[in-house]
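Below is one structure; the comments refer to it alone.
All ligand and atom numbering here is 1-based and tracks the order in the structure.
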Amino acid sequence: MKTVQRREFIQFGVAGVGTIAFGATSAAFAAAAIKPDARTALLVIDVQNCFVTGGTLPVKGGEEVVPVINKLAASFENVIVTQDWHTPGHVSFASAHAGKKPFETTKLGYGNQVLWPDHCVQGSTDAALLKDLSLPKAQLVIRKGYHQGTDSYSAFMEADGKTSTGLAAYLKAHGVDSVYVCGLATDFCVAWTALDARKAGFKAAVIEDATRAIDLNGSLKAAWDKMAKAGVKRIQSGDIAAV
Ligand code: VGL
Ligand code: ZN
């Protein structure tokens, strides 16, 4: 019991407190940096060509997360990668809905769906991971959004709220209880993944400077508010001990 509490304090307590008490650059703060252990995983969400400059659904500054994530990943024993992986004509594409334009919404059986430009089609260069992403330790690639009629922003659960990707069971089988989420985009796949991590019983943090947002109609603020309510911590890459 003592061990668990102490670890929780180090992993999920000190970063925020340290920022207020000492400032991010002080030696006191540096000494309290988060040191990921065997029960912790870094989830690298959708760092794919589609979501960066030149891609089909570019996120402003998306490519800037690559050096940050490469450095972060070296500090983690467990690294998991996701890819948005849609069928041609996927239900989340505006082109699949007569009279609809990208960034409009529609109502599907499972609720409201934002309609996107065609993006991340299975096997395309657009859906490939960025070539400069260097994650030699990555142990699992989870692909999601491959059911024609169901989107999946979250790495844990498809948008119908009941079809699991298997990620929670995988992490639990490996003794992981805490996840740190980074990648693209902050207000969609990163946020939904972090929220579902909490629902599945994991401690969860989003590494803000290792993400970039789409920010559609206030979606970024809404996502941070929702995550704060759900107990998702908001940290910076500098809060993780470098190796
Ligand atoms: C994403 C919109 C559509 C994401 C994926 O990775 O955040 N956003 N598909
Ligand atoms: Zn998508």
Side-chain angles (χ1 to χ4, degrees), residues 42-66 68-69 80-97 100-106 108 110-130 133 141-161 163 165 167 179 181-197 204 206-224 226-227 232:
L42 180 69
L43 307 184
V44 181
I45 306 299
D46 299 4
V47 184
Q48 295 168 267
N49 293 325
C50 30
F51 298 118
V52 304
T53 308
T56 48
L57 177 43
V59 179
K60 194 161 178 280
E63 55 283 346
E64 293 165 11
V65 302
V66 171
V68 184
I69 292 174
I80 311 243
V81 180
T82 70
Q83 283 178 288
D84 211 34
W85 201 249
H86 299 310
T87 50
H90 190 257
V91 73
S92 72
F93 297 172
S95 62
H97 303 264
K100 288 286 188 182
K101 289 199 277 298
F103 308 107
E104 294 179 352
T105 59
T106 194
L108 298 179
Y110 55 76
N112 279 335
Q113 171 73 48
V114 179
L115 296 172
W116 304 103
D118 290 25
H119 68 280
C120 292
V121 171
Q122 298 172 356
S124 65
T125 304
D126 192 55
L129 296 170
L130 260 66
L133 194 65
V141 179
I142 285 265
R143 288 170 168 172
K144 61 186 179 61
Y146 52 76
H147 288 130
Q148 176 79 357
T150 313
D151 205 358
S152 190
Y153 296 147
S154 164
F156 289 96
M157 194 65 78
E158 298 190 15
D160 62 3
T163 308
T165 65
L167 180 57
V179 297
V181 191
C182 63
L184 305 171
T186 326
D187 41 346
F188 288 91
C189 292
V190 169
W192 286 53
T193 296
L195 289 166
D196 276 353
V206 167
I207 309 169
E208 185 174 15
D209 61 323
T211 74
R212 290 294 183 277
I214 294 174
D215 203 10
L216 184 64
N217 305 321
S219 57
L220 182 58
K221 186 184 182 300
W224 280 122
K226 225 173 157 183
M227 289 193 282
V232 176

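- Under the side chain to side chain donor-acceptor pair (under 3.5 Å) rule, His119 has a single partner from Asp126, Asp84, Thr56, which is Asp84.
- Residue-environment remark: CH2 (Trp192) stays at or below the threshold of 12 foreign heavy atoms within 6.0 Å.
- Lys100 NZ: more than 12 foreign heavy atoms inside a 6.0 Å radius.
- Around the Zn ion (ligand 2), the protein atoms of type N, O or S found under 2.8 Å away are Asp84 OD2, His86 NE2, His119 NE2, listed by chain and number.
- A donor-acceptor pair under 3.5 Å is absent between the side-chain atoms of Gln83 and the main chain of Val141, judged by distance alone.
- Nearest heavy-atom pair across Val190 and Leu184 is CG2-N, 3.8 Å.
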Item to check | Test log, rule side-chain contact (heavy atoms from CB on, under 4.5 Å), inputs Trp224 and Thr186 | outcome: CA-CA 9 Å; Trp224 280 122; Thr186 326; 3.8 Å; yes
Item to check | Test log, rule side-chain contact (heavy atoms from CB on, under 4.5 Å), inputs Asp46 and Phe188 | outcome: CA-CA 11 Å; Asp46 299 4; Phe188 288 91; over 6 Å; no
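- Within 4.0 Å of ligand 1, contacts by protein heavy atoms are made from Asp46, Phe51, Leu57, Asp84, Trp116, His119, Tyr153, Leu184, Ala185, Phe188, Cys189, Ile214.
- Nearest heavy atoms, Val91 versus Leu115: O-CD2, 3.7 Å.
- Side chain of His147 to backbone of His86: no donor-acceptor contact under 3.5 angstrom is found.
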